[in-house]
Structure formats: C-alpha cells, structure tokens
2 protein chains.
Amino acid sequence: MKRPTIADIAREAGVSKGAVSYALNGQPGVGETTRARIVAIANAMGYRPNTAARALAGGAAKVVGLTLHRPPKTLGVEPFFMELISGLEAELSTHSYGLLLQMVPNHADEIAVYRRWWSDRSVDGVLLCDVRTDDARIDALRELQLPAVVVGPPTASGDLACIWSDDGVSLVEAVEYLAALGHRRIARVSGLSDLAHTAVRTEAFAAVSARLGLTDAVTIATDYTGEGGARATRRLLSSPTRPTALLYDNDIMAIAGLSVAQQMGLSVPADLSIIAWDDSPICRLVHPPLTALSRDIAAYGTHAARLLLAAIAGEPVTSVQDELAHLNPRGSTGPARR
Amino acid sequence: MKRPTIADIAREAGVSKGAVSYALNGQPGVGETTRARIVAIANAMGYRPNTAARALAGGAAKVVGLTLHRPPKTLGVEPFFMELISGLEAELSTHSYGLLLQMVPNHADEIAVYRRWWSDRSVDGVLLCDVRTDDARIDALRELQLPAVVVGPPTASGDLACIWSDDGVSLVEAVEYLAALGHRRIARVSGLSDLAHTAVRTEAFAAVSARLGLTDAVTIATDYTGEGGARATRRLLSSPTRPTALLYDNDIMAIAGLSVAQQMGLSVPADLSIIAWDDSPICRLVHPPLTALSRDIAAYGTHAARLLLAAIAGEPVTSVQDELAHLNPRGSTGPARR
DNA sequence: CTGAAAGCGCTTACAG
DNA sequence: CTGAAAGCGCTTACAG
C-alpha cells in the first residue's frame, strides 16, 4: 500500500540504507554484484525515490526551471516558446526531470527567482532565453553557481554554455535568395533590438547588404507584435523608394505585414516579396503562404535540455551549435518586378 | 550567509521550533502576540521556508501541476494554452506557488503522472483540461484524493469543482447574429468531437438551428488543426448548396478556412461570412479581420488557479461560471447575399 | 497556550 | 567494500 522506501529495500536485500542509496545512484561504495541485486529488488518493489527527501538531503531536485516573460502582447501568439517547451519536456521526462515554470516581469525579478530556486534547492538548473547583450542574469547565475544553459548566441553567453543556431548564416541565405530574384531594395523588420540574436541578424544584414551593394537596406526595430510589424510595414511601404522585399524577424509580424501590403493594394509576390523568420503552421494558412526560415524548434529544446542535464551532472559542457534555419520558399516570394 | 531556518528564528525569538512553525503557518498553538513577534523576526531575517523540508514533513509542496498533451500539430499554434498558463501563473506566484509542467501522450500516462506526483507530494493539486465526456482522469483523481479543478463544463466534471464558460450561450449569440444578417445556410467546423465543450457547442448549435428553422445546419468535426479546418471548409464550400456562413471552433481553423475560401474565388464577407471561436491577435492580422467570439483567457486561468488554491486549502469549493465569450464583429461577417 | 521530541526519506561523511 | 549514524528543515502528535 505504502510506497517502498530505501529502508524497505535495505531490509529486503539485507543491507544498510546507505548501501541502497549508493547502489541506486551509481555511486562507489558498493560492489557490482550487490548493486545489481539491490537494483533488481528496487525495481521489483516499484521503488521511486521521494524527491523532497532527496532534495532535503542535498541531492538533486530532479526539476529544471524556466522563466518566461510576462506576456507582452505577443505571448500566446509566438509559437516559439510552446514548441521549445514541448521539446524540452520530451527530453526532461525521459530522465524523470520536471519542468518548473515561472512568469517574471523583468530581469531583476527573474534573478530573484533564481536565487530563491537555488537556496530552496527546488531546481537543479535553469535555462536562459532571450539574452541581451550585457545581460545581468549571466553574472547572477555564475555567482549562484546554478547550472545554467543559454538558449542563444555565444556572444552574449559569458561563461555559460549555450545552444544556438547561427542566425547570421540563415539571414544571408535569405537575402541572397531575394537578390537572386532581382530584388535590390530589401528592408528588414526586426524584433527587440537589445536581444542578442537580433543584434546578430542586424549585423549580418548590414554585412550582406554591403557586399551585394544593396544601398537601401534598412532595419526597423519593433517589439515582435503584429501591431508593431504592421506599423513598420506601413512606414516602409509609404516610402517613395519603397522596398520590393521585406524580411521579418518572426512569423506574426510577417503575417501582419502581408495584410498591410494587401490593404495598400500591393500584390504579393508580384509587387512585394515577404519572408518570415520562424515557420509555424500559420505561415501555410495565409494566402499566399509565406516563404519562411524554418527550423525544428522542438528539437532545439530537446538539445537544450540535454545540454543542461549534462551540466547538472557535472559533465564538462561546451556550447553547441544547432541546425541552421533554412529557407523554405513558398508563394510569398517571387522575382522583382522590373 | 546561510539562509535562516526556523531554528534560527526560534533561537532569536526565544521559543521552540514548533512554535515558529505554528506561528508562520497560521496554525493555532501560539498566542497572537507571540505570533506577531515571531512573524516580525522571520521577516526581518528574510526567512523563506525550505519547500523540500516542508514537503517531506507532510506539508504543502507549494506547487501545482499541469499536464499538456504532447503536441498534436496544433500545439505551439493555439494560443489558448499559453494564455491560460500565463493567467494561472500570475495568480500562483502571488501565493508563492510554482507551476510544474509535464507533457503526456495520453490519458493513461497522464494518470500515472498524477499518481507519481501525489505519492511524491511534489504537487498539492492539479488542473484538468480538455475533459471528455466520460473522462477516466476524473475517477482516478477522486480516488487519489488529489485536489483538482476541471477547466471545462460541469457536465463532464463529475465530483470535481470546475471553472467554465457557457459555450452554448455564446454559440447561440453567434448564430442569431448570422441569422439576423440574413444567413440561412450556416455550417460549423468543430474541434475534437469527444471533448466535453465540443459536445456542448454541438448541442447548442443543433438546438438554435432547429429553433430558427435553419435546416442545412451541419457540423463537421475535425482535429483543431489548420489542415483539418481547410479540408472541412473545402468540403463544405464544394457542396451545391454551400453555406453562406461558417463558424469555426478555434482561430487557427478559421484562418485556414478564410484562406481556402479566397483560393476558391469567394469573397469574404460578400460571398461567405466567417466567425472564429477564441480571439487571438492573429484574428486581427488577416484580411479581412475575423469576427470572433472573444474572452479573456488569462483571466480564466487566474480564476482557475484561485479555485484550485481554495481546494488545496481545504475550503469548500463549488464550480464557478466564468464570463461568457461574446461576439466581436469585424470584417469577416456581413449580410447574406440574396 | 507552549515546549521537547519524533519522524518524513533520503545522502554522505565517518568508522570499521 | 560495507554498516551505523547524523543530519537536511520542516510538521505534528504528544505531554506539560
């Protein structure tokens, strides 16, 4: 009736509780044959460790923490996080790890949460998203010695290991594709400009534009919302030398931009080509379907979880570069009208 | 340096550890004046309880559990859950509660997760979403005596308290609006038919159609995905007596339907009116913007959390009816062409 | 109303 | 390699 404890297993196996603990945790201090016997008995009894007891005694909490920024209007819209979480969880649960979620209004509160989690031992490690250049959270985490992995570019990760995808390369692929279609006036609608990955993209955009001699290449920074994307689009398309192609930093803004273009009487892709970064199912639902920079975000999450678990286990971890987002051409891009 | 424990507070206050525990937890067993003094000292020392120790000693884990179904293709798309989670968390964190998230492939695994959480004491209660008529999870939860609240209609909640919104009323509002615009052939594209709230809507749709004498009122059940919505729409619009108005059970399907209609050369709303259930920002981004049944999903989550916390606290809880979704007319609906 | 004590189920030095 | 023991920080009967 009652769930078995290590004491029950110890009695059954005729050893001490300590021996059971060592055996089950793969620690030295018990012979291989006894270990095997103990593990067999534990399985037979359906033993599952009590996480609270383990955490209290200084062991692992078997929980990983993730903070999310309290919804700017985009949350609940950007599919990115939900997909990331889904991938994270897939990996975590195979290792019997839980995912603790907490909304935070800002970085200061986020750091306070980390501090509490750490002194509570309620999480064994955390994942850091949306890093900014010069992000205070990085130092705080290092100081706490809380195992952490950054989901973002190494340029902003400090000493922490990170998992990232080289957005610069993907951006160049997209711009070169547009250039090959004859576009000379290409503009970009970016997300929040203080995010590290936005900076990477902005830099790459400037570089490739210079290389290709695209003199009108501007970036308008927004807040990732549909409204922000619509406003930026309206402004760009109202220019006397309006661009013939637009690149958006997320799918929501691209869809908003498409709608604005159509309202302004422009035909996509005849008058204007559009590319979205991040390819959620919505991109295929609009008309015309959006050409997008796609990648497997759930897999990204899975790899992030794997890296974090390794860091928690005390293994030496180094930053890993994930698969690049690559261009998925659909109906929203076409040759530049001459 | 080290975080203070009740032992530190007890020493400081000149009382026993037990007294501190009683004082801090609002339990009887300590006088009001001593209680006030102890609380003051605890605050001054920056005391925060260790959740692991508390859980181990049989107290509250201060964590609430939520399972999500491993992504059908809709996840990461339907904004509903992200908004719900955001609202949940807002309430939970003001009570120092955490939210533990776990993906599950099916109900059997979900029940196993509840069982584990319960014997672990790793959560104090759970929230149940997407209930089906005759849902095995309800019985399992009652058997475990795990405090739980259903996010869904009382018809499928068994003995559990639920928080719900009367979808039947909202559906009638939408259909009557269409009828007032002169529509006689109205069809509905529903979500998964075994979900309890789908059943509520389907029933209401049949009833109001009969009352208004709309003989062609059919419901096609899908899986909530854009593809499913597109397929259903194509089928409906290919009929010789095609409907002049369509009602979709979520925003994703409505957007897909809009796109299909436009591809088939129909003009919205001149040839076809469209209404979406659940009003995410995307509904305003497409062209024409979608008329939608809106409600504040984050508030819904907040209320759900409040109800669950009351249940956990052992207060008597009864099901509460949340705000109705109401019609938000936009460009996708108009008079029926005669 | 208050205090001293046992116990929750683990982990980990510490002796053998 | 193994065992006996202390301790993690709480809660809660149980005596006074």
Side-chain angles (χ1 to χ4, degrees), chain A residues 1-39 42 45-63 96 116-122 124 312-314, chain B residues 2-39 42 45-63 96 116 118-122 124 312-314:
Chain A
M1 194 66 244
K2 219 173 109 302
R3 84 192 313 214
T5 68
I6 54 167
D8 300 320
I9 299 171
R11 198 178 319 111
E12 186 77 15
V15 298
S16 70
K17 280 166 42 183
V20 174
S21 176
Y22 290 138
L24 262 28
N25 290 311
Q27 299 284 347
V30 62
E32 270 320 309
T33 56
T34 8
R35 181 192 305 274
R37 196 161 54 85
I38 291 172
V39 169
M45 297 179 79
Y47 172 75
R48 295 206 17 98
N50 177 309
T51 53
R54 172 135 60 184
L56 182 56
K62 290 280 195 173
V63 172
S96 306
R116 176 161 56 76
W117 278 349
W118 181 234
S119 57
D120 263 4
R121 262 71 179 160
S122 49
D124 298 329
I312 290 170
Chain B
K2 220 172 107 303
R3 84 192 312 214
T5 68
I6 53 167
D8 300 320
I9 298 171
R11 198 177 320 111
E12 187 76 16
V15 299
S16 71
K17 281 166 41 182
V20 174
S21 175
Y22 291 137
L24 261 28
N25 290 311
Q27 300 283 348
V30 61
E32 270 319 311
T33 56
T34 12
R35 182 191 305 275
R37 196 161 54 85
I38 290 173
V39 168
M45 298 179 78
Y47 172 75
R48 296 205 16 97
N50 177 310
T51 53
R54 169 135 62 184
L56 181 56
K62 291 281 197 169
V63 172
S96 306
R116 176 160 56 77
W118 181 234
S119 58
D120 262 5
R121 263 71 179 159
S122 48
D124 298 328
I312 289 171

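In the text below, chain A, chain B and the rest are named by the order of the sequence lines, each starting its count at 1. Excluded from the calculations below are hydrogen atoms, water molecules and symmetry mates; all remaining heavy atoms, backbone and side chain alike, are included.
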S.K.: Mind listing the closest non-hydrogen atom pair of B:Ala61 and B:Asp124 along with its distance?
M.R.: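 Where B:Ala61 meets B:Asp124 most closely, the heavy atoms are N-OD1, 2.7 Å.
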S.K.: For the pair made of CG in A:Leu56 and P in C:dC8, what is the distance, rounded to whole Å?
M.R.: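 It is 13 Å, rounded to the nearest whole Å.
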S.K.: For residues 24-33 of chain A, which residue pairs qualify under salt bridge (Lys or Arg N to Asp or Glu O under 4.0 Å), counting only residues two or more places apart or in two chains?
M.R.: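 Every pair satisfying salt bridge (Lys or Arg N to Asp or Glu O under 4.0 Å) with a residue in residues 24-33 of chain A: A:Glu32-A:Arg35.
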S.K.: Any cation-pi pair here, B:Arg121 with B:Trp118, using under 6.0 Å and within 45°?
M.R.: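 Positive - B:Arg121 is close enough to the ring of B:Trp118 and near enough to its axis.
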S.K.: Counting only pairs under 3.5 Å, give me each side-chain donor-acceptor contact of residues 45-55 of chain B, with atom names and distances, residues two or more places apart or in other chains.
M.R.:
{"residue": "B:Asn50", "atom": "OD1", "partner": "B:Ala52", "partner atom": "N", "Å": "2.8"}
{"residue": "B:Asn50", "atom": "OD1", "partner": "B:Ala53", "partner atom": "N", "Å": "2.9"}
{"residue": "B:Arg54", "atom": "NH1", "partner": "B:Asn25", "partner atom": "OD1", "Å": "3.3"}

S.K.: Would you name the heavy atoms of B:Ala42 and B:Ile9 that are closest together and state the gap between them?
M.R.: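 Shortest heavy-atom separation between B:Ala42 and B:Ile9 comes out as CB-CD1, 3.7 Å.
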S.K.: Please give me the minimum heavy-atom distance between A:Ile38 and A:Ala13, naming the atom from each residue.
M.R.: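 Taking A:Ile38 first and A:Ala13 second, the nearest heavy atoms are CG1-CB, 4.3 Å.
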S.K.: Sequence neighbours left out, what pairs pass salt bridge (Lys or Arg N to Asp or Glu O under 4.0 Å) with at least one residue falling in residues 15-30 of chain A?
M.R.: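 As it turns out, there is no salt bridge (Lys or Arg N to Asp or Glu O under 4.0 Å) pair with a partner in residues 15-30 of chain A once direct neighbours are skipped.
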S.K.: Runs of at least three consecutive Watson-Crick or G-U pairs, both distances under 3.5 Å, are what I'm after; which ones involve DNA chain C?
M.R.: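 DNA chain C forms these stems: C:1-3 with D:14-16, C:5-12 with D:5-12, C:14-16 with D:1-3.
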S.K.: Which letter, B, S or -, goes with each nucleotide of nucleotides 10-16 of chain C from 5' to 3', with contact meaning a protein heavy atom under 4.0 Å?
M.R.: BBBB---
S.K.: Using a cut-off of strictly less than 4.0 Å between a heavy atom of the residue and any atom of DNA chain C, enumerate the qualifying residues of residues 31-38 of chain A by number.
M.R.: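 None, since no heavy atom is under 4.0 Å.
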